[in-house]
Amino acid sequence: RNVIEYAADSENTIEKDVTAYDFPACQIYCYGPLLHTVQMANIFRDSKTFVDMKLKKAPEKTIEEFDAFMESKNNTPSDDDVLQFVNDHFDEKGTELEVWTPTDWKENPSFLDNVHDPDLKQWGADLNAIWKDLGRKMKEDVSKNPDYYSIIPVPNPVIIPGGRFIEFYYWDSYWIIRGLLLSEMQDTARGMIENFLSIVQRIGFIPNGGRVYYWGRSQPPLLTAMVKAYVDFTKDDLFAINALDVLEHEFEYFINNHTVQAKGHNLVAYRDSSTGPRPESYREDVESAKIFDTEEAKEAYYSELKSAAESGMDFSSRWFINSDGTNTGNLTQTKTRSIVPVELNAILYWNAKMIAEFHSKADNVDKVQEYEAKAHKILEAIQAVLWNEDVGAWLDYDLINNKPRNSFVPTNLAPLWVKAYNISDSQKISTAVLKYIEENDLDTFPGGVPNTLIQTGEQWDYPNVWPPMQYILVEGLDNLGTPEAKNLSARWGQRWVKSNFEAYRETRSMFEKYDAEKFGGHGGGGEYDVQKGFGWTNGVIIEWLAKYGRELSISGNTDGAAPSKSLISLLGVATVALIATVAGRYIWRTWFK
Ligand SMILES: OC[C@H]1O[C@H](O[C@H]2O[C@H](CO)[C@@H](O)[C@H](O)[C@H]2O)[C@H](O)[C@@H](O)[C@@H]1O
């Protein structure tokens, strides 16, 4: 049965989660000799291009013709031969989609009334208009002939991230949906959430993005939070109540498929259930896997890479564990499956709390107790394994060396965002966390807080700064509620808005990531060019224009970053030298002349 047949089953109780074999299109786009031959021929600059192309003939027929083609070329076709085969059998990338103007788009959403600075107001209006560029609708043929496409059919149009990402991405959609709600586009937001609910009903979980080749992994599970955002904005409690079965299913899917043990507690870690290299970055993975001698070792490495992709942080020194147990090294030391990540556990705690809250709206007393108890267990585990009193933050846990990973990542503060701590400890945590921020010099970067303090060339490492991570930090500090934490939160939020504005003023573009070192600078590195658009970036800025718009002004636009500790010590040395020189001269003149 294919995904459409799953959808047609109205009862839709999912007995198992899907595998690649449930998607006939997977024999083209997820694994096998055709995928290998085309991706290794290096005919497209971006490996994602090929897996996004539509088939001209049914998958089985295409495979048959591919086998004949290989035989005719003695199994050694030239790159030009392969290109010819691709042109004969595939349509261009993206032909399955139409640009879609959201029907509920409004010219002057009320968040703009909160923005007083005229330049920022105009920028807010420009961002609101970008929703129209990022709207995509699937052509009817996709649901009639899903086997001809790698895209996963969904009932409603979507807002995409932009650039090379022309399909939905799971965690990106959380910030997109919040931005849509503030832009008064409730129908579009609801349509996207309904797409996700239908995907869980058909597939059992939400894949990384809207393509069959992402079938083996998810992304940070934010569907329940999307429903919560929708209900908070619309007060439509019934929407949440009706979604409960699906939300529970997704929650259980994560627990059942991601649980690991640490210090006697059950926690969750990212993982992937497919085999082989990432189809969308096939050649890159095969190349970097060359250092491994055996097929088994290569396979384990592919799994680590795909698990890192499930985290959304692909790739980063955050996931490196080298032989001495530290995170220096390179991509081939990626060991995602052996690291207990702070934010994934915090998000699951949050999901359990929100599911309990939705059940309480329906007076389902037993279910409220059940999910409160699940939340409590996760919180206990987070407290016992991840919170680190000495450091003043939560730390990922290394299951190979059985020790915390004391290295900065914004997710170390993710429990503040989802309130995964004892609220009565707020003052103590605030003191500890602010000391941690100070010690790591995190307030000194003009372009935002970097994702790590280690430079590896990977896109989720220094100096790149990512919108969802700024959001987690800023909202987390705000939630903490102490005056000091709230003050820092507002400064970081406003700095981010100003820096994004500076980049926009210079380039007229919104980027997927930015540069911590440069106020108004965009990010780079990793395996593809920096992308523009950009869904989550726009969502976060719209939210913070609404939040800070009355007090924000960009006249004399500067970062307001604190001087770094190294700069302070440099200034200190310079001051001492100056005083010594002046004093020396005085002594020389008065005593010796
Ligand atoms: O093609 C390489 C990788 O691209 C995606 O990851 C990046 O973009 C996503 C969309 O904005 C974002 O969700 C993710 O955090 C980024 O790292 C994709 O999600 C990966 O699976 C893929 O391998």
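Note that the numbering runs from 1 along the sequence shown for the chain. Counting starts at 1 for both ligands and their atoms, following the listed order.
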* Asked: Using the benzene-type ring in the case of Trp, are the ring centres of Y213 and Y29 under 6.0 Å apart?
  -> no

* **For N208, atoms of ligand 1 separated by under 4.0 Å from a heavy atom** => 18 (C), 19 (O), 20 (C), 21 (O)

* Structure fact -> re atom 20 (C) of ligand 1, the protein heavy-atom contact at minimum distance is D314 OD2, 3.2 Å

* Structure fact -> Quick look: Y170 vs ligand 1, heavy-atom contacts under 4.0 Å, and the answer is neither

* To do: Record the part of Q459 in heavy-atom contact with ligand 1 below 4.0 Å; permitted values are side chain, backbone, both and neither.
  => side chain

* To do: Could you tell me how the ring of F205 sits relative to the ring of Y253: parallel (under 30°), tilted (30 to 60°) or perpendicular (over 60°)?
  => parallel

* Interfacing atoms of ligand 1 (cut-off 4.0 Å, heavy-atom, D172) -> 10 (C), 11 (O), 12 (C), 13 (O)

* Examine the proximity of ligand 1 to W466 and report which part, side chain or backbone, both or neither, has a heavy atom under 4.0 Å away. => neither

* **Closest approach of R136 to L97 (non-hydrogen atoms, all atoms of both residues)** => CD-CB, 4.3 Å

* Asked: So which protein heavy atom does atom 7 (C) of ligand 1 come closest to, and at what separation?
  -> Y528 OH, 3.3 Å

* Asked: Going by an N to O cut-off under 4.0 Å, is there a salt bridge joining K298 and E295?
  -> no

* Ring geometry between W466 and W460 (parallel below 30°, tilted from 30 to 60°, perpendicular above 60°) -> parallel

* Assess the pair H258 and Y270: is the distance between their ring centroids shorter than 6.0 Å? => no

* Those atoms of ligand 1 less than 4.0 Å from some heavy atom in A309 -> 21 (O)

* Asked: Is any side-chain N of the basic residue among K547 and D478 closer than 4.0 Å to the acidic one's carboxylate O?
  -> yes

* **Geometric N/O contact K48 with ligand 1, under 3.5 angstrom** => no

* Close aromatic pair by centroid cut-off 6.0 Å: Y528 and F165 -> yes

* Structure fact -> Under 4.0 Å from one or more heavy atoms of W536, ligand 1 contributes atoms 12 (C), 15 (O)

* Thinking salt bridges, do R495 and E502 make one under a 4.0 Å N-O criterion? -> no

* Asked: Any idea which atoms of ligand 1 are less than 4.0 Å away from a heavy-atom of Y214?
  -> 18 (C), 21 (O)

* What residue and heavy atom of the protein are closest to atom 14 (C) of ligand 1, and at what distance? -> G312 O, 3.5 Å

* To do: Answer yes or no for R278: is there a heavy-atom contact with ligand 1 below 4.0 Å?
  => yes

* Could you tell me how the ring of W175 sits relative to the ring of W536: parallel (under 30°), tilted (30 to 60°) or perpendicular (over 60°)? => perpendicular

* To do: Just jot down the ligand 1 atoms closer than 4.0 angstrom to any heavy atom of S281, in number order.
  => 1 (O), 2 (C)

* Asked: Hey, is ligand 1 close enough to Y169 that some N/O pair sits below 3.5 Å?
  -> no

* Under 4.0 Å from any heavy atom of F534, which atoms of ligand 1 are there? -> 11 (O)

* Could R211 and E167 be called an ion pair, given the rule that one side-chain N must be under 4.0 Å from one carboxylate O? -> yes

* Structure fact -> Under 4.0 Å between heavy atoms, the region of R217 that gets near ligand 1 turns out to be side chain

* **R164 contact mode with ligand 1 (heavy-atom cut-off under 4.0 Å)** => side chain

* Hey, does Q219 sit under 4.0 Å from ligand 1 if you only count heavy atoms? -> yes

* Asked: Does one side chain, of Y214 or Y169, offer a donor that lies under 3.5 Å from an acceptor on the other?
  -> yes

* What do you reckon, does E280 have a nitrogen or oxygen under 3.5 Å from a nitrogen or oxygen of ligand 1? -> yes

* Structure fact -> For W460, the atoms of ligand 1 under 4.0 Å from one of its heavy atoms are 15 (O), 17 (O)

* When you check the gap from the basic side-chain N to the acidic O, do E194 and R190 get nearer than 4.0 Å? -> yes

* To do: Report yes or no: does a heavy atom of E527 sit under 4.0 Å from some atom of ligand 1?
  => yes

* Asked: At what distance is the nearest protein heavy atom to atom 5 (C) of ligand 1, and which residue and atom is it?
  -> F165 CE2, 3.5 Å

* To do: Determine whether the aromatic ring centres of W496 and Y514 lie less than 6.0 Å apart.
  => yes

